[in-house]
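Have a look at the structure below before the remarks.
Every value quoted in this text rests on a predicted model; they were computed, and no experiment measured them.
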Amino acid sequence: MTKKWAITFISIFMSVVLLISGSMLVFDPYFHYHAPLNGVSYSVGNEVYKNDGICKNWEYETLVTGTSMTENILIEQVNEVFQTSTVRATFYGEGYRRINDNLITALDHNKDLKRVIRCVDPIWFVCDWDFLEYGSYDAYPTYLYDEDWTNDFSYIFNMNIIRNDLVPMIWNTVTGAPSVSFDDRIIYDEGSIDKVKEKYVRPAKEIKEIDPEETINMMECLERNIEINLISTIKENPDVSFIIYFPPYGLFFWDSLMQQGSDVVKRRYEMEEYVIQQLLECDNVELYSFLDCFDITTDMNNYVDDLHYTAKISEYIINTISVTKEHRLTKDNYEEYLERSRSFYLSYDYDSVFG
C-alpha cells in the first residue's frame, strides 16, 4: 500500500512538474527562450524581467533604448518613418551601464540590428561607470540575464511568474484576448504646470563655489563613463547606425541648477561639450539635442514632472530625427548650439515662474 501510494505521489508530482515546465517553455512569458509564438497573447510590461529576452530573441532591425525618457516612444511611428521593425528596451532610473550592457546583448544576439535610437540623459553624465541604480546584479533577475541554463529553474518554477504571468497569459490566449504591445503601454497623461509644481521642491538659493579639483574629478568620471558605456560600443559596431539624442529637460531642471549658481550651469555645459565632441568623432552617429527646444522646455504644460514630458513630445522627437532633421548637431554647428542654449538658460527669469 505504501509503495503504491509512493508511486502514485511521484507520478502526480512528475506530471505537475512536466506540465509547469512544458507550459513555461511553450508560453515563455519573459521571452527567455524564444520570441512570442503566433496565436499566443503576450505582454511586454514588467521591463526589468523582459528586456533581456526581447533583445535576445525577437526579430527586429531597430532598437529604441534609454531611461524612462523613452517609455512613450511609439513603436508604430518608428516603424513607419524608418520603414523598419522595432523593439523598445526602457530602463527606469538607470545610468548608462545597464543600458549599455543590454545594448551589447542586443548587438551580440541580433545580427540584423541596423539602427539604435538611444536617449542619453545628461543627468547621468557624471557617475561611476559601473553605477547601477538598483545595486548589484543580485538585485536583478540574473537567471534571466546570464547565459547559464543551470539556474533556469528560478524562472521555470517561479511561483510569482507562474501565478502573475503564465496563468493570465494562458487564460488570455484561450479567451482570445489581444496581446499587450509596446504601444499599448504608452502613458497619455496630460501635462500641466500645476501638476509639475506640486511635485517639484524648489531648492533653496545657495550659490555653490566651484572647486577646481572637484571639477577635475568630475570630468575624469565623465570621461570614463562615456568611453566605457557609450563611445566604445559605438566604435565596435561601425555597421550599425546610432541615433543619439539629449532629451528636452523642462525649465524646472534648469531652475534647480541655477539655484546653485550660474557656475554650476556653465560647468554642466563644459561636460556636454566634451560628450558632443566625442560623439561627433564617430562616423556612424547622428547626434541630436532637444535641450534648446525652448518652446517646449519653457512650457511646463508639456511635462508631468520636472523632467518627464508627455507622449506628444516623444512623437515630435521621432519625427525630428527621422524627417525634419532639426536640432541635429554637427562639427560645424555644435559650438553655436552650446552658446545659444547656455545663454538662454543662464539669463532666464526663473523667479517669475514661481511668483
(message) Can a side-chain donor-acceptor contact be found between N151 and D146 if the only test is distance below 3.5 angstrom?
(response) yes

(message) Given E47, which partner from the list R88, R185, R98 fulfils the salt bridge (charged side-chain N to carboxylate O under 4.0 Å, His left out) test?
(response) R185

(request) Evaluate side chain to side chain contact (heavy atoms under 4.5 Å, CB included) for Y309 paired with I296, printing each intermediate quantity in order. (result) CA-CA 9 Å; Y309 38 83; I296 292 176; 5.8 Å; no

(message) Return the OG to CG distance between S43 and D165, rounded to the nearest 0.5 Å.
(response) 8.0 Å

(message) For S179 and S41, which I'm curious about, is there any donor-acceptor pair between the side chains at under 3.5 Å?
(response) no

(message) Whether the Y92 and E71 side chains hold a donor-acceptor pair (N or O, under 3.5 Å, no angle test) is what I'd like checked.
(response) yes

(message) Is the shortest side-chain heavy-atom distance between Y245 and I317 below 4.5 Å?
(response) yes

(message) Could you walk me through whether D292 and F344 satisfy the side chain to side chain contact (heavy atoms under 4.5 Å, CB included) test, starting with their C-alpha distance in whole Å, then the side-chain angles of each, then the deciding distance to 0.1 Å, before giving a yes or no?
(response) CA-CA 8 Å; D292 66 337; F344 182 86; over 6 Å; no

(request) Assert yes or no for the condition that the ring centre distance of W254 to Y345 is strictly below 6.0 Å. (result) yes

(request) Please answer: with hydrophobic residues joined when any side-chain heavy atoms are less than 4.5 Å apart, are I187 and F91 in the same cluster? (result) no

(message) To check you understand the geometry: which heavy-atom pair defines the closest contact between P247 and V120, and what is its length?
(response) CD-O, 3.4 Å

(message) Between W171 and Y30, is there shared hydrophobic-cluster membership here, with clusters defined by ILVMFWY side-chain heavy atoms closer than 4.5 Å?
(response) no

(message) For the CG atom on N160, are there more than 12 heavy atoms of other groups (residues, nucleotides or ligands in this structure) within a distance under 6.0 Å?
(response) yes

(message) Any non-hydrogen side-chain atom of I161 less than 4.5 Å from a side-chain atom of P29?
(response) yes

(message) Using a strict threshold of under 4.0 Å (side-chain N to carboxylate O), is an ion pair present between E190 and K195?
(response) no

(request) Give me the ring orientation class for F252 and Y200: parallel if the planes are under 30° apart, tilted from 30 to 60°, perpendicular past 60°. (result) tilted

(message) Main chain of L222, side chain of N225: is a donor-acceptor contact present, judged purely on distance under 3.5 Å?
(response) no

(message) Let me confirm one number: the CG-CG distance from L103 to L63, rounded to the nearest 0.5 Å.
(response) 6.5 Å

(message) For a quick check under 3.5 Å, do T150 and D148 share a side-chain donor-acceptor pair by atom type?
(response) yes

(message) Quick check on the hydrophobic clustering: are V304 and M69 connected, directly or via other members, by side-chain heavy-atom contacts under 4.5 Å?
(response) no

(request) Please determine if R267 and E272 form a salt bridge, counting it only when a charged side-chain N lies under 4.0 Å from a carboxylate O. (result) no

(message) Assess, by modelled atom type and distance only, whether the side chains of S192 and N301 contain a donor and an acceptor separated by less than 3.5 Å.
(response) no

(request) Compare all side-chain heavy atoms of L74 with those of I318 and state whether any distance is below 4.5 angstrom. (result) no

(request) Under the side chain to side chain contact (heavy atoms under 4.5 Å, CB included) rule, what do E315 and N72 come out as? Steps first, then yes or no, please. (result) CA-CA 8 Å; E315 292 183 32; N72 288 332; over 6 Å; no

(message) One thing to verify: whether E335 and R340 come together as a salt bridge, which I'm taking to mean a side-chain N less than 4.0 angstrom from a carboxylate O.
(response) no

(message) To the closest 0.5 Å, what do you measure between CG (D283) and OG (S241)?
(response) 11.5 Å

(message) Measuring only between side-chain heavy atoms, which start at C-beta, is E59 closer than 4.5 Å to D112?
(response) no

(request) Answer with yes or no whether the hydrophobic clustering places I99 together with I104; edges join I, L, V, M, F, W, Y residues whose side-chain heavy atoms lie under 4.5 Å apart. (result) no

(message) Taking the side chain as everything from C-beta on, heavy atoms only, tell me whether Q278 gets closer than 4.5 Å to E223.
(response) no

(message) Would you compute the distance between atom CG of D306 and atom NZ of K199 and round it to the nearest 0.5 angstrom?
(response) 9.5 Å

(message) So for atom CD, which belongs to E206, do other residues, nucleotides or ligands contribute more than 12 heavy atoms lying within a distance under 6.0 Å?
(response) no

(message) What I want to check is whether the side chains of Y42 and T173 have a donor and an acceptor closer together than 3.5 Å.
(response) no

(request) Please report the C-alpha distance between V285 and I234 in whole Å, then the side-chain angles of each, then the deciding distance to 0.1 Å, and finally whether the side chain to side chain contact (heavy atoms under 4.5 Å, CB included) criterion is met. (result) CA-CA 8 Å; V285 165; I234 293 172; 3.6 Å; yes

(message) Around atom OH of Y334, are there more than 12 heavy atoms from other residues, nucleotides or ligands closer than 6.0 Å?
(response) yes

(message) Looking at E76, I want to see if its CD is surrounded by more than 12 non-hydrogen atoms of other residues, nucleotides or ligands under 6.0 Å.
(response) no

(request) Please check if any side-chain donor atom of T86 sits under 3.5 Å from a side-chain acceptor atom of N79, or the reverse. (result) yes

(message) Within a 6.0 Å radius of atom CD on E80, are there more than 12 heavy atoms belonging to other residues, nucleotides or ligands?
(response) no

(request) Using distance alone, with no hydrogens and no angle criterion, decide if Y269 and E339 have a side-chain donor and acceptor under 3.5 Å apart. (result) no

(request) Compare all side-chain heavy atoms of N158 with those of Y143 and state whether any distance is below 4.5 angstrom. (result) yes

(message) Taking the six-membered ring of F354 as reference, does the cationic atom of R202 (NZ for Lys, CZ for Arg) lie under 6.0 Å from its centre and within 45° of its axis?
(response) yes

(request) Could you tell me whether K56 and E147 have a side-chain N and a carboxylate O separated by less than 4.0 Å? (result) yes

(message) If I take atom CD1 from residue I226 and atom CE from residue M271, how far apart are they, to the nearest 0.5 angstrom?
(response) 11.0 Å

(request) Would you please classify the geometry between the F290 ring and the Y288 ring as parallel, tilted or perpendicular, with 30° and 60° separating the classes? (result) parallel

(message) Between T105 and Y145, is there a side-chain heavy-atom distance shorter than 4.5 Å?
(response) no

(message) So, taking the atom named CG in L338 and the one named OG in S343, what distance separates them when rounded to the nearest 0.5 Å?
(response) 10.0 Å

(request) Could you state whether V180 and I186 fall into the same hydrophobic cluster, counting links through intermediate Ile, Leu, Val, Met, Phe, Trp or Tyr residues with side-chain heavy atoms under 4.5 angstrom apart? (result) no

(message) Side chains of K114 and V240, heavy atoms from C-beta outward: is any pair under 4.5 Å?
(response) no

